[in-house]
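To keep things clear, I will list the structure first and then write my remarks on it.
Here the structure is a predicted model, which is why all the values come from computation and not from measurement. Positions are given from 1, in the same order as the sequence printed here.
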Amino acid sequence: LLTAIPSQCLAWSESGHCIIALIAYEQLDDACRQQYLALMEAHPRYEDDFTPPEAIKADQARKRWRIGRVG
């Protein structure tokens with residue numbers, strides 16, 4: 001029956017993934033956060049996919065935007 005209604009079986013939205021990524025990041029200790037950020041920056045599409053919009057000015061807000069994008 002569930003396969004007959006595929007629209008009812010959708011995964012989370014992009015926003016849901018972003019929120020979960022931010023919650024998980026907040027649970028990491030500082031050493032793990034630094035390792036995570038280093039891995040993210042090594043991603044081949046880092047500049048394309050993880051550069052916050054210019055409207056986000058504060059460093060902390062820019063970092064949180066990047067983390068949310070990974071979700």
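Heavy-atom minimum distance, Glu26 versus Arg33: O-NH2, 3.0 Å.
Atom CG of Asp59 is surrounded by 12 or fewer heavy atoms from other residues, nucleotides or ligands within 6.0 Å.
Going from atom CD1 of Ile19 over to atom CG of Leu22 covers 8.0 Å, rounded to the nearest 0.5 Å.
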